[in-house]
Amino acid sequence: MARAQLIAYFPWRPDKLPFTYMRAKHQGMRRNILDHRAGRSGSSQAPETVVYAFEPSPAFLIGRSAPQLDPEDRGAAHRDDWLSSLVAYFQNSIQNSRDLDYDHTYRLSNAQSSCLKAPLDVYSRRTYGHMHGNGMTEEYFGTHFECQPEEVQRLEREKSCYTEPGQLVLWPAIDLRSGPLVGFSKEEIDSIIGTAICSYLDQDLRLPGVSYKPFSGAWVYSKNAREDRKIADVFMTVKDDILSFVLSLNVETPDAGPESVNPWSRLEAAGIDFDPVTSVAEELGDGGNTLGRLQTRELELITQELSKNHLFGRLGFEKLFGIRT
């Protein structure tokens, strides 16, 4: 019987779980698999598959389609504003120091980085619940935080995206040389993930009209925007026969308003390409989480429902056990 361990991180503050921290945790899972293959683990038993589930702090994930400074402009910017350029270089180097694929020749302009990293207003109902118990009503407008988003290089992605409070992220590392997915292609695995997320949104959350675009995510026709918008992002990689996919479901995430509360408008202002997005709360008529209104299910419940009832059973893991951290 194939098993997977679900480790959940749901901090009560929206600024306590940086993407770079979770990336380091994920790379640790990959190292465990590689060490076992090389005989360095000290155990004959393969490490169990681990799935991280978490609500992330604000972070812009910059894909390779984002415009970058060409060498001449980069040199001119460095000469004209050498101190800001030097600070930005070291900040990004430290932030991405554990990323072996980090490309030091790639960078956004200072103006783009400043736009993305400006203080962002985040309203968290999780914080309110931690501080005040269950005394929340429909009139509740969330505990306010001012967060500085991370800017994280993810050049394996084509388009840039954003991870944020109000979003559920599932991030496993699965050994394709052993376990239930041996012999499966990326296309077959992507199809399984698509079926799972669409069935969950349709059957459990009663969200009609969801479709899945291969190697992109789940999309729905937004009744407010009157266009197709992405409600769940799926990004998959296979390296060293280790499958990694990041499934990000927008539950209560802002997609409208000024740059102080709407991070997506910052990508647009910075001239960075991204897919239009919506959220479960928005499409069910609850207006998203721009002001932290209490309307949709708790992320912990959604994690259990999506992971145990839909996704990992389809991927061949008959048993999913979890711990809360």
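Nothing here was measured: the structure is a model prediction, and the numbers come from that model. One is the number of the first residue; the rest follow in order along the sequence. When reading the values below, keep in mind they use all heavy atoms of this one structure, side chains included, and skip hydrogens, waters and symmetry mates.
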Non-hydrogen atoms of [X] and [Y] that approach each other most closely:
X: Asp273; Y: Lys159; value: OD2-CE, 3.3 Å
X: Leu243; Y: Met236; value: CD1-CG, 3.4 Å
X: Pro208; Y: Asp202; value: CA-OD1, 4.4 Å
X: Ala173; Y: Arg30; value: CB-CG, 4.4 Å
X: Arg266; Y: Ser260; value: NH2-CA, 4.0 Å
X: Lys117; Y: Gln148; value: O-CG, 3.1 Å

Backbone N or O of [Y] within a donor-acceptor pair of the [X] side chain at under 3.5 Å?
X: Gln5; Y: Val50; answer: no
X: Arg3; Y: Lys319; answer: no
X: Glu151; Y: Phe60; answer: no
X: Asp190; Y: Phe215; answer: yes
X: Ser160; Y: Gly63; answer: yes
X: Gln112; Y: Ala270; answer: yes
X: Ser199; Y: Ala196; answer: yes

Close side-chain approach of [X] and [Y], heavy atoms under 4.5 Å:
X: Val280; Y: Leu249; result: yes
X: Ser191; Y: Pro214; result: no
X: Glu259; Y: Cys115; result: yes
X: Gln167; Y: Glu55; result: no
X: Leu116; Y: Leu108; result: yes
X: Val51; Y: Ser307; result: no
X: Arg23; Y: Gln27; result: yes
X: Pro254; Y: Pro263; result: yes

Tell me every residue that passes ring-ring contact (aromatic ring centres under 6.0 Å, His included) with Tyr52, counting only those two or more places apart in sequence or in another chain. Tyr9

Is it true that [X] and [Y] fall in one hydrophobic cluster, defined by side-chain heavy atoms closer than 4.5 Å?
X: Leu120; Y: Ile272; value: yes
X: Val251; Y: Trp219; value: no
X: Leu170; Y: Val210; value: yes
X: Val169; Y: Tyr21; value: yes
X: Leu205; Y: Leu299; value: yes

Among side-chain atoms of Glu156 and Thr237, is any donor-acceptor pair under 3.5 angstrom? no

Are Glu227 and Ser222 linked by a side-chain donor-acceptor pair shorter than 3.5 Å? no

Could you pull out all residues at least two apart from Ala111 that satisfy side-chain contact (heavy atoms from CB on, under 4.5 Å)? Ser109

Rounded at 0.5 Å granularity, tell me how far [atom1] in [X] sits from [atom2] in [Y].
X: Leu247; Y: Leu311; atom1: CG; atom2: CG; answer: 6.5 Å
X: Cys161; Y: Trp264; atom1: SG; atom2: CH2; answer: 6.0 Å
X: Asp275; Y: Asp228; atom1: CG; atom2: CG; answer: 11.0 Å
X: Ile231; Y: Ile197; atom1: CD1; atom2: CD1; answer: 8.5 Å
X: Leu6; Y: Thr303; atom1: CG; atom2: OG1; answer: 7.0 Å
X: Ile62; Y: Phe274; atom1: CD1; atom2: CZ; answer: 11.5 Å

From CA spacing to verdict: side chain to side chain contact (heavy atoms under 4.5 Å, CB included), Glu150, Ser57: CA-CA 8 Å; Glu150 290 184 285; Ser57 297; 5.7 Å; no

Is it true that Asp233 and Arg157 make a salt bridge, defined as a side-chain N closer than 4.0 Å to a carboxylate O? yes

Criterion side-chain contact (heavy atoms from CB on, under 4.5 Å) against Glu282, the qualifying member of Asn250, Thr253, Val277, Asp255: Asp255

What is the ring orientation for Trp171 with Phe54, classed by angle as parallel under 30°, tilted 30 to 60°, or perpendicular over 60°? tilted

Has Glu187 got more than 12 heavy atoms of other residues, nucleotides or ligands less than 6.0 Å from its CD? yes

Within a radius of less than 6.0 Å around CD of Glu268, do more than 12 heavy atoms belonging to other residues, nucleotides or ligands occur? no

Show me the side-chain donor-acceptor pairs of residues 174-186 shorter than 3.5 Å, one per line, residues at least two apart or across chains.
from   : atom 1 : to     : atom 2 : distance (Å)
Asp175 : OD1    : Arg37  : NH2    : 2.6
Asp175 : OD1    : Arg177 : N      : 2.9
Arg177 : NE     : Asp241 : OD2    : 2.9
Arg177 : NH2    : Asp241 : OD2    : 3.4
Ser185 : OG     : Glu188 : N      : 3.1
Ser185 : OG     : Glu188 : OE1    : 3.4

Side chain to side chain contact (heavy atoms under 4.5 Å, CB included) between Val234 and Tyr212, worked out: CA-CA 10 Å; Val234 176; Tyr212 188 79; 3.6 Å; yes

List the steps, then state whether side chain to side chain contact (heavy atoms under 4.5 Å, CB included) holds for Arg226 with Tyr221. CA-CA 7 Å; Arg226 296 185 178 182; Tyr221 183 79; 3.4 Å; yes

Ser244 and Lys239: side chain to side chain contact (heavy atoms under 4.5 Å, CB included), yes or no, with the steps? CA-CA 8 Å; Ser244 300; Lys239 185 176 182 180; over 6 Å; no

